[in-house]
Amino acid sequence: MKKHPATEAIHTGEFRHHQPSTSSVPPINMSTTFLVDPDTPFSANLLGEDAPFIYTRWGNPTLQLLEEKMAALEGGEAGLAFASGIAAVTSLMNYKLKSGERVLVSDIAYAGVREFCNHYLRKMQIEVVSLNMSDLNVVEEELKKGAKLVFAETPCNPIVRLTDIRQLADLAHQHGAMLAVDSTFASPMVTQPLQLGADFVIHSLTKYAGGHGDAMGGVVIGSKTEVNKLRATVLIHQGAIMSPFNAWLINRGLVTLPLRMRQHSDNALRVAAYLEQHPKVKRVIYPGLMSHPQYELALQQMKLFSGMLTLQVDQPQKVLARVKEHLQTIHYAVSLGHHKTLMYYMGTESLNESSFQLSVEQMVDYRRYAGDGIFRISIGLEHAGDIIADFSNLLA
Ligand SMILES: Cc1ncc(COP(=O)(O)O)c(C=O)c1O
């Protein structure tokens, strides 16, 4: 029987049979190798679907628990853990794409993903079409020319622009392409892309899933057939395997994910509403505010609005100069989805040069969300009043 996500986050993958004296909390299995029968195949090429554990790069009980839990939370058949979120993204692309094929990638996505597409995929003679995934007319025109894979990120990092997953999935499938969605900013408690038609969902588990800023990880979730092939053809041979220790930490984080996401979202809405009326603030973008350019889509596609927002001010350099002395609760640091509130400034021109390389037209849309630059803010689990007090001091 399907259980509520709050129960899945705690129990899925943990114990199949009640046996007295079994530990209630799953232990970490750090073993790199496992005792096997003498007739067990030595090559990963010969691995069957229900192969036993042989060697941790191929599979491990603590990793399996994490994979099952994430798949359950996304309503997918199977998951595959990676050493980091970027390893999950790049492994999926390596698995799906080969030289001469086309991939449509969101023009705005996590900078590392954009850099990988702009440099590495192009070097491999894969045609990368960078486009605004929120403009479905543009997407359709490109799909008509053929594409193997569509890669979207929603809400996208760093500008919190949204993409309509259901419509994008329909379009991609009509033209014979598969859709992968990086849902790191949302987490499975906010949006479940597979339920809206996506073929793969990806998370940087370093963010909301782990939730405590102490373990790197990534996951790809999809059909059993695709995930098994991804394991056999890329993960095992490229080796971006997650440490079981990190998997254990992230499993522990997942237990409280449903509770945490509610609190992140409540806090973010309070902080966003405060900032929006602050006289020194030019613009706040948060999917839970009616002023978000895609508020209607947010209501349709997001069960909660998550904890990510952006802030524009008239004189960011003046604010930056006050960071060291005026922040008591908020950490000025990259990353997101942690229990602590994090903020980081991203100047539009420099980010475009280093990572995005947008066309003039794409830059116009980027600026519609981000102006000359934004503070990307990941609202944590502190009391909202203390986060607001920090912003009040910072912006004074
Ligand atoms: C949306 C998104 N995807 C992927 C990544 C990469 O994840 P990791 O840092 O775990 O490799 C990040 C990192 O910030 C991200 O924000």
Side-chain angles (χ1 to χ4, degrees), residues 63 66 70 74 79-94 105-121 133-134 151-163 165 179-188 190-191 193 198 200-221 234-235 238-243 245-247 249-250 253-254 261 264 285 287 302 306-310 331 333-338 340 342-346 351 354-356 369-370 374-380:
L63 296 177
L66 173 62
M70 281 306 299
E74 286 289 359
L80 190 58
F82 290 87
S84 63
I86 196 76
V89 173
T90 59
S91 298
L92 180 66
M93 292 195 180
N94 273 324
V105 185
S106 176
D107 57 355
I108 314 299
Y110 166 56
V113 169
R114 290 287 343 155
E115 289 165 14
F116 173 80
C117 293
N118 288 342
H119 304 135
Y120 180 86
L121 287 187
M133 289 290 167
S134 311
F151 185 91
E153 189 179 299
T154 182
C156 76
N157 186 356
I159 60 173
V160 204
R161 188 179 70 191
L162 310 179
T163 289
I165 299 171
L179 173 64
V181 176
D182 183 333
S183 193
T184 298
F185 265 36
S187 91
V190 169
T191 305
F200 298 100
V201 59
I202 296 160
H203 288 279
S204 163
L205 301 173
T206 318
K207 312 295 169 8
Y208 284 111
H212 296 77
D214 52 13
M216 305 276 311
V219 71
V220 174
I221 300 154
V234 180
L235 177 64
Q238 297 196 338
I241 199 82
M242 181 190 285
S243 159
F245 184 62
N246 281 13
L249 285 171
I250 296 167
L254 283 178
M261 289 316 296
H264 280 298
I285 298 229
M302 301 176 79
S306 197
M308 297 306 301
L309 57 96
T310 68
H331 282 193
V334 294
S335 206
L336 59 110
H338 300 177
K340 287 183 175 140
L342 305 175
M343 71 183 282
Y344 201 80
Y345 184 71
M346 296 180 172
L351 188 59
S354 63
S355 309
F356 292 151
Y369 282 77
I374 46 175
F375 287 92
R376 183 188 69 185
I377 299 162
S378 168
I379 298 294

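Read the numbers this way: they start at 1 and go in the same order the structure lists the ligands and their atoms. Owing to the predicted nature of the structure, the values given are computational and were not obtained by experimental measurement.
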ring-ring contact (aromatic ring centres under 6.0 Å, His included) involving F116 - partner list, sequence neighbours excluded = Y120
ask   = Under a 4.0 Å heavy-atom cut-off, which residues neighbour ligand 1?
value = S84, G85, I86, Y110, E153, N157, D182, T184, S204, T206, K207, M216, G217, L336
ask   = Do H203 side-chain atoms and V201 backbone N/O form a donor-acceptor pair below 3.5 Å?
value = no
task = Verify, without hydrogens or angle tests, whether E153 (side chain) and Y110 (backbone) share a donor-acceptor contact under 3.5 angstrom.
result = yes
query = Backbone N or O of A83 within a donor-acceptor pair of the N246 side chain at under 3.5 Å?
reply = no
request  = Return the set of residues passing side-chain contact (heavy atoms from CB on, under 4.5 Å) with S306 (not counting sequence neighbours), or none when no residue passes.
outcome  = V190, Y208, M261
inquiry  = Once side-chain contact (heavy atoms from CB on, under 4.5 Å) is applied, do any residues pair with S354, and if so which ones, sequence neighbours excluded?
reply    = L351
